[in-house]
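We're numbering straight along the sequence, starting at 1. All values below were derived from every heavy atom in this structure, side-chain atoms included, with hydrogens, water molecules and symmetry-related copies excluded.
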Amino acid sequence: MKDLTSFGEARIKIVALPKDTNSSGNIFGGWIMSQIDMAGVIAARELAPERVVTISMDEIIFKEPVYVGDLISCYAKVIKVGTTSIKTQIEVTALRQNDDGFTECVQVTSAFATFVSVTKDGVKKPIDPELKRLHGF
């Protein structure tokens, strides 16, 4: 599994529920994408505290299925900052019990998402240079 120490603490932790399943009984990919989006927003808002909107999701890779009862953790970090845009990397893990009865952590999905800083009226808003500096950009 990928080393997630550079991501810090999980942005979101949530249990996958039966209402979130697809026709095969696994958790629906769209539900996972929604969690990815929220985790990315939480990371992006550190640099654009007023408001951000999603402009793209790139390279979403579903590596393993997610099952009902899995504890999903979404880790997100900012990897690039432009004038108004913020690119994030998101990694999703599932904590579950394996066939031997032991708890294991499985990396299930990864993605990149880009957000734009906007005002409450939806107008692009430049990211504060001081916030960029404080976050190492």
Crowding at CD, Glu9 (>12 non-hydrogen neighbours, <6.0 Å): no

Value for CD1 (Ile12) from CD1 (Ile36), rounded to nearest 0.5 Å, stands at 10.0 Å

The reported gap from CD in Gln35 to CG in Asp20 (rounded to nearest 0.5 angstrom) is 7.5 Å

Rounding to 0.5 Å, atoms OG1 (Thr109) and CD1 (Ile27) come to a distance of 11.5 Å

Tightest non-hydrogen contact, residues Ile90 and Ala39, listed as CG2-CB, 4.4 Å

Phe62, CZ: over 12 other non-hydrogen atoms inside 6.0 angstrom:
yes

Review point. Between Asn22 (side chain) and Ser24 (backbone), is there a donor-acceptor pair under 3.5 Å?
Key: yes

Quick check: does any side chain N or O of Arg96 sit under 3.5 Å from a backbone N or O of Asp70, one acting as donor and the other as acceptor? no

- Message: Using side chain to side chain contact (heavy atoms under 4.5 Å, CB included), reason through Lys63 and Gln107 one step at a time and then give a plain yes or no.
- Response: CA-CA 7 Å; Lys63 301 171 184 181; Gln107 190 172 5; 3.4 Å; yes

Heavy-atom distance under 4.5 Å between the side chains of Arg11 and Tyr75, does that happen here? no

task: State whether Glu50 and Lys125 are salt-bridged, where the test is any N-O pair (Lys NZ or Arg NE/NH1/NH2 against Asp/Glu carboxylate O) under 4.0 Å.
output: yes

Ser117 and Ile127 have their tightest heavy-atom pair at CB-CG1, 4.0 Å

CG of Leu134 to CG of Asp128, rounded to nearest 0.5 Å, is 8.5 Å

task: Report yes or no: do Val66 and Met38 belong to one cluster of Ile/Leu/Val/Met/Phe/Trp/Tyr joined by side chain heavy-atom distances under 4.5 Å?
output: yes

Closest non-hydrogen contact found for Met57 with Ala113 is SD-CB, 3.9 Å

All heavy atoms of Ile72 vs all of Ala94, minimum pair found to be CD1-CB, 3.8 Å

- Task: Would you kindly confirm whether Ile14 and Ile32 end up in one hydrophobic cluster when ILVMFWY residues are joined by side chain heavy atoms under 4.5 Å apart?
- Result: yes

Margin query: I'd like to know if the side chain of Arg51 reaches the main chain of Lys120, judged simply by a donor and an acceptor atom lying under 3.5 Å from each other, with no hydrogens or angles considered.
Written below: yes

Between the CD atom in Glu46 and the OG1 atom in Thr88, the distance rounded to the nearest 0.5 Å is 11.0 Å

One should read off an interatomic distance between Met33 CE and Phe28 CZ, to the nearest 0.5 angstrom, of 8.5 Å

Decide yes or no on side chain to side chain contact (heavy atoms under 4.5 Å, CB included) for Val68 and Leu17, but give the supporting numbers first.
-> CA-CA 5 Å; Val68 171; Leu17 300 174; 5.9 Å; no

For Asn26 and Pro65 the tightest heavy-atom approach is ND2-CB, 4.0 Å

**Prompt:** Side chains of Val118 and Val123: closer than 4.5 Å at any heavy-atom pair?
**Reply:** no

Item to complete: Test the Lys80-Phe137 pair against the cation-pi criterion, namely NZ or CZ under 6.0 angstrom from the six-membered ring centroid and within 45° of the ring axis.
Response: no

ask   = Would you say Ile60 and Val108 are hydrophobically clustered, going by side-chain heavy atoms of ILVMFWY under 4.5 Å?
value = yes

On a heavy-atom basis, the closest approach of Cys74 and Val92 is SG-CG2, 4.0 Å

With side chain to side chain contact (heavy atoms under 4.5 Å, CB included) as the test, would you mind laying out the steps for Ile79 and Phe112 before giving the verdict? CA-CA 9 Å; Ile79 58 172; Phe112 293 92; 3.6 Å; yes

Under 3.5 Å, is there a donor-acceptor pair between the side chain of Asp100 and the main chain of Phe102?
-> no

* Asked: Quick one: are Val78 and Phe115 in side-chain contact, heavy atoms under 4.5 Å?
  -> no

- Query: Counting only heavy atoms not in Lys13, do more than 12 sit closer than 6.0 Å to its NZ atom?
  - Reply: no

